[in-house]
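Both counts, for ligands and for their atoms, begin at 1 and track the order of listing. Counting begins at 1 with the first residue of the sequence. Hydrogens, waters and symmetry mates play no part in the numbers below; they use all other heavy atoms, side chains included.
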Amino acid sequence: MDLKSNHTAPVLADPAPISKSRLVASSLLPYSSPAPVFSPNLLLTVPRKKTGILDDVRASSWLDAMKSSSPRHTSTRDYNHEIVSADTDVAYRTWMVKYPSALSSFEQITNFAKGKRIALFLDYDGTLSPIVDNPDFAFMSIDMRAAVAKVAKYFPTAIISGRSRDKVYGFVGLTDLYYAGSHGMDIMGPVRESSDDPPNCIRSTDKQGKGVKLFQPASEFLPMIDEVFNSLVNSTKEIKGAKVENNKFCVSVHYRNVDEKNWKTVAQCVHDVIRNYPRLRLSHGRKVLEVRPVIDWDKGKALTFLLESLGLSNHDDVLPIYVGDDRTDEDAFKFIGLKTGSERGKSGIWHFSIIRSKGE
Ligand SMILES: O=P(O)(O)OC[C@H]1O[C@H](O[C@H]2O[C@H](CO)[C@@H](O)[C@H](O)[C@H]2O)[C@H](O)[C@@H](O)[C@@H]1O
């Protein structure tokens with residue numbers, strides 16, 4: 001990997017699929033076989049409806065989804081060696097074989113990256129910051145900020161978060177990065193004179209006065225999202241521990257601090273509000289229900305948009321890397337897996353094992 005080159009990278013993400021621990025996978029394929037094959041199905045384990053509207057919160061799949069999107073930690077490992085406890089199930093072991101540790105495979109990954117232009121895409125919560133009880137206090141460490149600042153000197157680097165863009169920028173505070181908030185529905189990216197801008201894309205300047213492209217494909221949903229946010233704040237106000245967060249183009253309803261016996265009530269509140277909005281859908285995150293517009297846009301599409309804006313799309317020598325830990329990150333993994341697969345006839349995923357506290 002040429003650290004002096006000004007561009008590109010492998011994709012690291014955290015699907016936390018069938019496992020009970022946080023994982024980070026990379027869609028890089030090691031040179032050697034057996035090649036881990038990217039399997040989107042493996043990563044998508046929570047039942048979802050196409051419309052996103054839940055028909056019946058009493059259905060067991062609903063609470064199952066809430067529980068499985070917040071897996072409990074049962075295994076122990078360190079950063080260099082996989083140490084799997086006795087209760088780790090077969091599916092998890094199989095997964096680990098298919099998607100080996102990125103840290104143990106680091107040489108393979110750097111070999112793969114040699115001569116390539118890397119673009120780095122990072123999720124925020126659970127990836128750059130630890131998962132904490134209060135979403136307002138999910139600060140990244142000084143070391144993490146320094147590491148991100150350093151890598152951004154060598155490679156174009158973007159954060160793609162479920163948070164509002166302003167909020168995630170407030171947490172990260174680095175000016176050399178690009179930021180996409182609201183699960184990619186609010187992108188501030190680089191301007192490339194030769195590219196055609198899609199509708200909803202405007203040229204603007206950032207806080208430093210630098211020319212930027214602002215792309216908000218769900219802008220028409222702003223009033224609806226505000227309305228839904230207010231309704232959800234109101235309907236959940238009696239539920240102890242529930243917290244509703246306005247992420248501009250989507251709304252998060254947190255149940256991390258709600259007693260599990262009241263999760264159904266949270267679900268019912270969300271259901272009762274969004275049943276009146278057929279153009280909104282629901283997705284699951286870590287102990288959070290996310291209400292978002294039904295548009296064909298996600299973190300994978302945001303990654304594609306940013307690559308294009310950087311002038312790095314459709315180049316064989318470009319290696320995008322995505323690091324993430326949540327279900328919404330799977331859209332980005334999927335894009336990178338498919339891209340890598342179709343362009344190189346193969347694809348690869350690695351994971352990072354990160355010690356996670358119980359119930360995180
Ligand atoms: O795409 P991300 O940057 O990972 O954002 C996804 C959601 O992250 C935040 O919630 C999660 O982290 C909180 C702080 O650690 C934690 O309290 C919560 O339980 C997690 O779900 C954020 O608050 C959400 O708005 C984001 O959508």
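Listed by number with element, the atoms of ligand 1 under 4.0 angstrom from any heavy atom of Y124 are 3 (O). Taking a cut-off of under 4.0 Å to the non-hydrogen atoms of V288, the atoms of ligand 1 that pass are 21 (O).
Scanning the protein for heavy atoms near atom 2 (P) of ligand 1, the closest one is D123 OD1, 2.9 Å. With respect to atom 12 (O) of ligand 1, the closest heavy atom belonging to the protein is D125 OD1, 3.5 Å. If you check which protein heavy atom lies closest to atom 23 (O) of ligand 1, you get E245 OE1, 2.6 Å. Ranking the protein heavy atoms by distance from atom 10 (O) of ligand 1 puts H254 CE1, 3.4 Å first. Here the heavy atom of the protein found nearest to atom 3 (O) of ligand 1 is S161 OG, 2.7 Å.
Residue contacts with ligand 1: R256 is placed with a nitrogen or oxygen under 3.5 Å of a nitrogen or oxygen of the ligand (distance criterion only). Residue G285 has no nitrogen or oxygen atom sitting less than 3.5 Å from a nitrogen or oxygen atom of ligand 1, judged on distance alone. The shortest N or O to N or O distance between E290 and ligand 1 is under 3.5 Å. Checked by distance only, ligand 1 and T328 stay at 3.5 Å or farther apart across all their nitrogen or oxygen atoms. In terms of N/O distances under 3.5 Å, ligand 1 is not approached by D326. Of the N or O atoms in V132, one or more lie within a sub-3.5 Å distance of an N or O in ligand 1.
By the 4.0 Å N-to-carboxylate-O rule, D317 lies too far from K116 to be salt-bridged with it. Between R286 and D125 there is no salt bridge, since no side-chain N of the basic residue sits under 4.0 Å from a carboxylate O of the acidic one. Salt-bridge formation is not detected for the pair D166/K248: no Lys NZ or Arg NE/NH1/NH2 atom is positioned less than 4.0 Å from an Asp or Glu carboxylate oxygen. K213 has a carboxylate O that lies under 4.0 Å from a charged side-chain N of D197, or vice versa, which qualifies the two as a salt bridge. Between D331 and K301 there is no salt bridge, since no side-chain N of the basic residue sits under 4.0 Å from a carboxylate O of the acidic one.
When the options H284, K299, R327, R286 are ranked by their closest heavy atom to atom 1 (O) of ligand 1, first place goes to K299.
Between the side chains of H254 and E245, at least one donor-acceptor pair of N or O atoms lies under 3.5 Å. Judged by distance alone, the side chains of E290 and S252 do bring a donor and an acceptor atom under 3.5 Å apart.
Taking CD1 from I225 and CD from E220, the interatomic distance works out to 11.0 Å, rounded to the nearest 0.5 Å.
For D133, every heavy-atom contact with ligand 1 shorter than 4.0 Å involves the backbone, none the side chain.
For the ligand labelled ligand 1, residue C250 lies outside the 4.0 Å heavy-atom shell.
Counting only heavy atoms from C-beta outward, the side chains of V148 and R145 never approach each other to under 4.5 Å.
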Between D136 and K243, does the salt bridge (charged side-chain N to carboxylate O under 4.0 Å, His left out) criterion hold? Intermediate values first, please. CA-CA 11 Å; D136 295 337; K243 181 177 172 74; 3.1 Å; yes
